[in-house]
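Comments concern the structure below.
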2 protein chains.
Amino acid sequence: MSKKVSIGDASRSCGVKVPTIRYYEQIGLLSALPRTEGNRRTFDAGDLRRLAFIRHARELGFEIDAIRTLLTLQDDPHQPCSSADAIARARLAEVEQRIDSLNALKTELGVMIESCSRGQVADCRVIEVLADHRQCTHPHH
Amino acid sequence: MSKKVSIGDASRSCGVKVPTIRYYEQIGLLSALPRTEGNRRTFDAGDLRRLAFIRHARELGFEIDAIRTLLTLQDDPHQPCSSADAIARARLAEVEQRIDSLNALKTELGVMIESCSRGQVADCRVIEVLADHRQCTHPHH
DNA sequence: GTTACATCCTCTAGTCACTGGAGGAGCAAG
DNA sequence: CTTGCTCCTCCAGTGACTAGAGGATGTAAC
């Protein structure tokens with residue numbers, strides 16, 4: 001018999017808020033959790049692992065749908081893992097693009113702050129740069 | 001007299017979807033746009049500039065509230081631009097942090113994908129890493 | 001002048017991934 | 001037995017849009 005814990009304990013041990021856990025159950029990301037006589041949800045070790053998996057995947061920016069796919073893959077370990085690989089690769093591409101555009105933004109903000117350090121809004125580059133796309137130092141989009 | 005254009009033209013020239021423009025007007029990010037006799041919105045050069053400003057700021061990751069502040073600064077050019085500067089600085093710090101965490105994430109995804117054996121899910125590092133946070137190469141969270 | 005079609009209008013509701021609150025029930029300690 | 005905590009369900013709200021219904025207006029061709 002594995003130990004069963006409450007939703008509060010699950011929340012604390014996985015770092016997922018209580019309402020979020022209930023939400024995950026509601027949308028079927030966690031299968032319906034068994035209840036006590038008093039109608040309280042109980043979590044065994046497997047549920048906790050699944051919850052930790054979800055949390056980690058969310059932190060890495062995977063969408064709920066992608067996580068759903070990853071979870072079904074996890075449930076059937078004899079499948080080829082090309083789907084998981086593809087999902088991770090797609091995510092990597094997204095992340096790389098985001099980094100590029102954030103780097104461009106960083107440069108722009110630096111330039112803005114520099115030239116904004118004196119004077120008034122009338123000649124404030126923050127507004128100028130944002131108002132006129134052509135002044136971007138990098139073609140990030 | 002400046003030329004007046006339709007919402008469709010504004011959309012095409014600024015790269016903001018028509019319903020989004022209407023939404024911006026609704027939440028007061030664009031002030032109420034003048035209408036034709038037939039009740040159609042008209043946009044002059046200033047409106048287009050403002051819209052481009054908003055679009056650009058959104059792309060750079062500014063929240064609507066920050067943009068609102070920036071716009072009020074733009075509307076009153078006799079203010080010192082220390083507020084805009086503060087917003088830009090806060091934004092820069094945020095952006096730098098986001099870049100850091102995305103770089104850590106990129107590394108992690110890269111390692112995951114690299115070491116995926118392309119075999120079965122059972123040996124797939126992608127799923128394994130997601131299931132166990134301790135395997136993270138970097139403490140990104 | 002009329003017909004066809006694109007574009008526009010308002011209004012409502014849906015999206016994602018939660019988050020928060022109301023109102024009530026269960027449970028463990030003192 | 002009461003106090004106080006945790007839990008339950010249900011409903012509404014968030015941000016920043018996005019989509020669709022149903023109807024009005026503008027324009028170009030015939």
Side-chain angles (χ1 to χ4, degrees), chain A residues 4-30 32-44 47-48 50-71 87 90-91 94 98 130 141, chain B residues 3-30 32-44 47-48 50-71 91 94 98 141:
Chain A
K4 294 282 204 164
V5 303
S6 70
I7 197 170
D9 292 339
S11 169
R12 272 179 294 276
S13 86
C14 295
V16 179
K17 289 183 186 166
V18 169
T20 305
I21 297 174
R22 288 199 272 252
Y23 168 73
Y24 287 157
E25 189 195 22
Q26 190 195 307
I27 62 168
L29 210 55
L30 294 172
L33 296 156
R35 308 295 184 104
T36 65
E37 294 229 327
N39 195 33
R40 281 149 189 242
R41 289 170 182 85
T42 57
F43 297 71
D44 64 17
D47 297 322
L48 295 180
R50 203 173 170 92
L51 191 52
F53 182 100
I54 294 168
R55 185 215 163 177
H56 195 186
R58 285 295 297 144
E59 272 173 353
L60 295 183
F62 289 90
E63 287 176 6
I64 297 286
D65 260 8
I67 296 173
R68 217 186 285 274
T69 309
L70 289 171
L71 283 170
I87 290 169
R91 178 70 196 134
E94 270 172 46
R98 197 81 194 115
L130 284 175
H141 41 258
Chain B
K3 250 189 294 183
K4 294 280 205 168
V5 303
S6 71
I7 197 169
D9 292 339
S11 169
R12 274 180 294 275
S13 86
C14 295
V16 179
K17 289 182 186 165
V18 170
T20 305
I21 297 175
R22 289 199 271 250
Y23 169 73
Y24 287 158
E25 188 195 22
Q26 191 195 310
I27 63 169
L29 210 56
L30 293 173
L33 295 155
R35 307 296 183 103
T36 65
E37 293 230 327
N39 196 32
R40 282 151 187 239
R41 289 169 183 86
T42 57
F43 298 71
D44 64 16
D47 297 322
L48 295 180
R50 204 176 170 92
L51 189 53
F53 178 100
I54 295 167
R55 183 216 165 180
H56 197 178
R58 286 295 300 144
E59 269 172 357
L60 296 183
F62 287 88
E63 286 175 10
I64 297 285
D65 263 6
I67 297 173
R68 217 185 285 274
T69 314
L70 252 14
L71 283 170
R91 216 46 223 170
E94 245 182 83
R98 236 151 95 193
H141 38 261

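In what follows, chains carry the letters A, B, and so on, assigned in the order in which the sequence lines appear, proteins first and then strands, with residues in each chain numbered from 1.
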Write down the distance between CD1 (A/I7) and C1' (C/dC27), rounded to a whole number of angstrom. 16 Å

Compare the minimum distances between each of D/dA16, C/dT19, D/dT6 and the side chain of A/R40, then state the nucleotide with the smallest one. D/dT6

Specify the separation, in whole Å, of atom CZ of A/F62 and atom P of C/dC18. 15 Å

In the structure I gave you, are the side-chain heavy atoms of B/I7 and B/L33 within less than 4.5 Å of one another anywhere? no

Check every strand shown and say whether B/E63 touches a base, only sugar-phosphate, or nothing at a heavy-atom separation below 4.0 Å. sugar-phosphate

Please determine if a side-chain N or O atom of B/R35 lies less than 4.0 Å away from the OP1 or OP2 oxygen of D/dT25. no

Ranking A/G8 and B/Y24 by the position along DNA chain D of their nearest nucleotide, the one closer to 5' is A/G8

Please give, in whole Å, the distance from D/dG15 C1' to B/L29 CG? 13 Å

Quick one: does any side-chain atom of B/T42 pair with a main-chain N or O of B/V5 as donor and acceptor, under 3.5 Å? no

Distance in angstrom units between B/K17 NZ and C/dT7 C1', rounded: 18 Å

For A/R22 and for A/G38, find the nucleotide of DNA chain C with the closest heavy atom, then tell me which residue's nucleotide is more 5'. A/R22

Side chain of B/R41, heavy atoms from C-beta onward: which of D/dT9, C/dC9, D/dC17 has the nearest atom to it? C/dC9

Atom-pair distance (CD on A/E37; C1' on D/dC8), nearest Å: 16 Å

Examine C/dC18: is either OP1 or OP2 under 4.0 Å from a nitrogen or oxygen in the side chain of A/R58? Give yes or no. yes

Whole-Å gap separating C1' (C/dT10) and CG (B/L33): 15 Å

Closer than 4.0 angstrom, basic N to acidic O: yes or no for B/R50 and B/D47? no

Is any side-chain heavy atom of A/Y24 closer than 4.5 Å to one of A/I64? yes

For atom CG of B/N39 and atom P of D/dG22, their distance in whole Å: 21 Å

Return the CZ to CZ distance between B/R40 and B/R35, rounded to the nearest 0.5 Å. 11.0 Å

For A/T36 and for A/Y23, locate the closest nucleotide of DNA chain C by heavy-atom distance; then report the residue assigned to the nucleotide nearer the 5' terminus. A/Y23

Atom pair distance, as rounded to whole Å: CD1 in A/I67 and P in C/dC16: 14 Å

Using OP1 and OP2 only, check whether a side-chain N or O of B/S6 sits under 4.0 Å from C/dT7. no

